[in-house]
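We name chains A, B, ... by the order of the sequence lines, and we start the count at 1 in each one. Just so we're clear, the structure is a prediction, and the values are computed from it rather than from any experiment.
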Amino acid sequence: MDQQNNNLETLRHSLSHVMAAAIKELWPDVKFAIGPAIETGFYYDIDFGEIKIGEEDLGAIEKKMKHIIKQGLKFERTEMAIDEAIAKEKASGQIYKEELIKDLKAAGETSVSYYKLGNFEDLCRGPHLEASGKIKQDIFMLNKLAGAYWRGDEKNKMLTRIYGLAFLTKEELDEYIKMIAEAEKRDHRKLGKEMDLFHIDDKVGLGLPLWHPRGAMLWRLVEDFWYKEHLKGGYELVRSPHIGNRILWETSGHWGFYNSSMYPPIEIGQTLEDRQKSEKIKESEEFLLKPMNCPFHVQIFKSSPKSYRDFPMRWAECGTVYRFEKKGELSGLTRVRGFTQDDAHIMCRADQVEYELKRVVDFILFIFQSFGFDTKTINVYLSLRDPKNKEKYAGNDEGWDFTENVLRKVATDKELNFVEEEGEAAFYGPKLDFKLKDVIGREWQCSTLQFDFNLPERFDMNYTNNKGEDERPYVLHRALFGSFERFLALLIEHYAGAFPVWISPIQIKLVAVSEKHVEYCLKLADDFRSSGFRVSVDASDETVGNKIRKAVKEKVPYMLVIGDKEMNSDNLSIRNRGSDQMREVPREDFIAEIMMKIDNKV
RNA sequence: GCCGAAAUAGCUCAGUGGUAGAGCACUUCCAUGGUAAGGAAGGGGUCCCGGGUUCAAGUCCCGGUUUCGGCUCCA
């Protein structure tokens, strides 16, 4: 299997060279950056200079690639002294390659390897296939074109990135394309529309979703569960407003460091009427839409003196925050401008930190399991500071060493399969992030568990320790879903809209056989509702077949067809979601069954 | 914000310079039905917006908006 993975990676990487060679033939003056293998194929970043490349050019590139493959050219490896290589790239104007080799030199390399394919020679560590002729013609395709900043830095020039798909066999390529097409059917944006869950309305504003009755019900059910479990877990609830005085954000540092992601202030001291008349403001105060809940929770903490005996304090709030995300970053419910964090701050002493962190990790795993996610498929990242760039971070080395080590210990003790990422920490502290993949394979951060050095210092948070001295508490910041919007998006995709009974917005759909059964259906629906079930009735003037068809599309767990037979008996005719079989069940048994499913969250 | 693409009825989409269409949905009427589309009639359009070319623009050109796929950023 490992051998196969290596082969696949070599194949993909070789294809990126073939593509580069093809592009070099078509546009000889372009500058090449990097061209790696990726999870589904390969790409190459290229500076086309003044030349405009569009998707219609991909066909020509692909054709040229097939031609190169047909020629069966060899991949020839050569070594070159590093200074010679720098001179060579400089002479040919390949500025990106020159920069890469200079970095290799700085890292202590004395020579570099090149791979030559026909007339195209490229700096490369390898390995490659022996020859382009080893590549089958039908196992790859160029599929998209995008911009990408050189070295991933938006201050650098934007290069053109051409992506290709590649697999070992044509069957695997076809299968992948089919899989993506299937996955797109589960896209929360598509299902959100089809199932009437939410929409984002231009008139309301970008990234500000509107939740329709069924979507809002889904949210409510998830939120109720969240509250119940938090209370069980020893959390207390707090609440805070959507706007707050600018002073809060100046104190927290966001006024300066985070301002590129914040909505501009609302000026108070005047009414809308004053403003419309362009009246002069007599006394101005500025309020900001909150981009996070923390400062409010800090103010609650500071509202009275605290003792070491008060800890731990676990304060939770589903708080809606507003962040002015760049337009191009917005995406369905996974990236919005107004979103509700399932937030909590845990204030505690140093000796309580490890225990509290472990509790949160358990809570995170429990939550994901409750919604049917396989926790083994969740990617966990330990985000650490960049040791080379210490001035970027709040707090001192001791604090960072302690918190990074305790997070690492917690992740290890909890047997999380985590990856450490240097430089990914927030400026205010290290964190443990849990990321889920959406249907098209994009990773989205959901749960996060963070240390915060910034708030306790900046807001001068204190408690009295057992010696009667002031001491700084530890503040843990955590979210389990991350945000309701993002989590619900992933939940919709996870279940493909076929939610388990306990969170189905509608659990039972009653289908009246004809008009004369409608009244009975409505009464039955009321009975179910008073027992706590969520029911809807199809009383439309349609044939039974048509009503069933529509109910199936709604993905309701139970469909009940109600006609003369049911009116004259205590039995119900039930059709389960996903089945085309009908079964007859006494009403009492059905209620017991559905209750059992709700209890077991299935 | 940047690179590439798309935008036609509530939804899914057809329409390559010459009278704006289909299916579903909606309304009304007929049919009163038994497990995946009963029949008929009807209403519904700023063809994303603004400019240009043309005798004539949904269609071609320019600018903008939004959406989608990436990059950057992020819950």
Taking the six-membered ring for Trp and the full ring for Phe, Tyr or His, determine whether the centres of A/F590 and A/Y558 are under 6.0 Å apart.
-> yes
Can you tell me the distance, in whole Å, between the OH atom of A/Y43 and the P atom of B/C3?
-> 19 Å
Whichever of A/G207 and A/L159 has its nearest RNA chain B nucleotide further upstream toward 5' | A/L159
Given pairs defined as Watson-Crick or G-U wobble with both distances under 3.5 Å, what dot-bracket annotation applies to RNA chain B, with ( ) intrastrand, [ ] crossing, | other strand and . unpaired?
-> (((((((..((((....[..)))).(((((.......))))).....(((((..]....))))))))))))....
Base, sugar-phosphate, or nothing: which does A/T160 touch, judged by heavy atoms less than 4.0 Å apart?
-> nothing
Tell me, with the steps shown, if A/H477 and A/Y428 meet side chain to side chain donor-acceptor pair (under 3.5 Å).
-> CA-CA 11 Å; A/H477 172 111; A/Y428 51 80; 5.5 Å; no
Taking the side chain of A/D564 as heavy atoms from C-beta outward, which of B/G34, B/G69, B/G4 is closest to it?
-> B/G34
Touch class at under 4.0 angstrom, heavy-atom based, for A/V321 against every strand present = nothing
Using a heavy-atom cut-off of under 4.0 Å over every strand shown, decide if A/D541 touches base, sugar-phosphate, or nothing.
-> base
With a non-hydrogen cut-off below 4.0 angstrom, is A/R335 in contact with a base, only sugar-phosphate, or nothing?
-> base
Under 3.5 Å, is there an N or O donor on one side and an acceptor on the other linking the side chain of A/E329 and the base of B/U72?
-> yes
Under 4.0 Å between a side-chain N/O of A/N546 and OP1 or OP2 of B/G38, yes or no?
-> yes
Please state whether the rings of A/W27 and A/F48 are parallel, tilted or perpendicular, taking 30° and 60° as the class boundaries.
-> perpendicular
Residues A/N293, A/K290; criterion side chain to side chain donor-acceptor pair (under 3.5 Å); working and verdict = CA-CA 7 Å; A/N293 305 297; A/K290 65 173 168 183; 2.8 Å; yes
Indicate, with a heavy-atom threshold strictly under 4.0 Å, whether A/G441 touches base, sugar-phosphate, or nothing.
-> nothing
Does A/K550 make a side-chain N or O approach to OP1 or OP2 of B/A25 shorter than 4.0 Å?
-> yes
On a plain distance test, is the side chain of A/R486 in donor-acceptor contact with the base of B/C74 below 3.5 Å?
-> yes
Has A/K193 got a side-chain N or O lying under 4.0 Å from the OP1 or OP2 atom of B/U12?
-> yes
Looking only at B/G1, B/U35, B/A36, the nucleotide nearest the A/S573 side chain is B/U35
Any donor-acceptor N/O pair under 3.5 Å between B/G4 base and A/Y163 side chain = no
Select base, sugar-phosphate, or nothing to describe what A/K326 touches, counting heavy atoms under 4.0 Å on all strands.
-> base
When you check the phosphate oxygens OP1 and OP2 of B/G70, does a side-chain N or O of A/R442 lie under 4.0 Å from one of them?
-> yes
Remember a base hit wins even if backbone is also touched, and classify A/G482 as base, sugar-phosphate or nothing at under 4.0 Å, heavy atoms.
-> sugar-phosphate
Using the benzene-type ring in the case of Trp, are the ring centres of A/F257 and A/F427 under 6.0 Å apart?
-> yes
What nucleic acid atoms does A/G545 come within less than 4.0 Å of, heavy atoms only: base, sugar-phosphate, or nothing?
-> sugar-phosphate
Out of B/G70, B/U66, B/A75, whichever nucleotide has its closest atom nearest the side chain of A/L206 | B/U66
Nearest-angstrom distance, C1' atom, B/U32 to B/C11 = 29 Å
Have a look at A/V544 and say if it touches a base, only the backbone sugar-phosphate, or nothing, with a 4.0 Å heavy-atom cut-off.
-> sugar-phosphate
Contact class for A/E515 (heavy atom, under 4.0 Å): base, sugar-phosphate, or nothing?
-> base
Which nucleotide in the list B/G34, B/A75, B/C3 gets nearest to the side chain of A/V513?
-> B/G34
Output yes when at least one side-chain N/O atom of A/K327 is less than 4.0 Å from OP1 or OP2 of B/G1, else no.
-> yes
Which residue pairs pass the side chain to side chain donor-acceptor pair (under 3.5 Å) test with at least one member in residues 482-498 of chain A, sequence neighbours excluded?
-> A/H188-A/E493
Does A/S483 put a side-chain nitrogen or oxygen below 4.0 Å from OP1 or OP2 of B/A75?
-> no
Proximity of A/F371 and A/F487 rings by center, below 6.0 Å = yes
Between A/Y235 and A/F363, what is the ring plane arrangement, given parallel below 30°, perpendicular above 60°, and tilted in between?
-> tilted
Below 4.0 Å: OP1/OP2 of B/A36 and any side-chain N or O of A/R575 = yes
Determine whether the aromatic ring centres of A/Y44 and A/F32 lie less than 6.0 Å apart.
-> yes
A/R189 side chain near B/C68 phosphate (N/O to OP1/OP2, under 4.0 Å) | yes
B/C48 versus B/U8 - spacing of their C1' atoms, nearest Å | 10 Å
Could you tell me whether A/G152 contacts a base, only the sugar-phosphate backbone, or nothing, with contacts defined as non-hydrogen atoms closer than 4.0 Å?
-> sugar-phosphate
Taking atom C1' in both B/C13 and B/G17, what distance in whole Å separates the two?
-> 22 Å
A/R151 versus A/Y96: any side-chain heavy-atom pair under 4.5 Å?
-> no
Could you check which of B/G4, B/C71, B/A36 has an atom nearest any side-chain atom of A/L145?
-> B/G4
Considering only heavy side-chain atoms of A/Q341, the closest of B/A75, B/G34, B/G1 is B/A75
B/G34 base to A/E566 side chain: any donor-acceptor pair below 3.5 Å?
-> yes
For B/G21 versus B/C62, give the span between their P atoms, rounded off to a whole number of Å.
-> 30 Å
For the side chain of A/A148, counting heavy atoms from C-beta on, which of B/C71, B/A37, B/G1 is nearest?
-> B/C71
By nearest nucleotide on RNA chain B, pick out whichever of A/C446 and A/G332 is the more 5' one.
-> A/G332
Separation of B/U12 atom P from A/D196 atom CG, nearest Å, is 13 Å
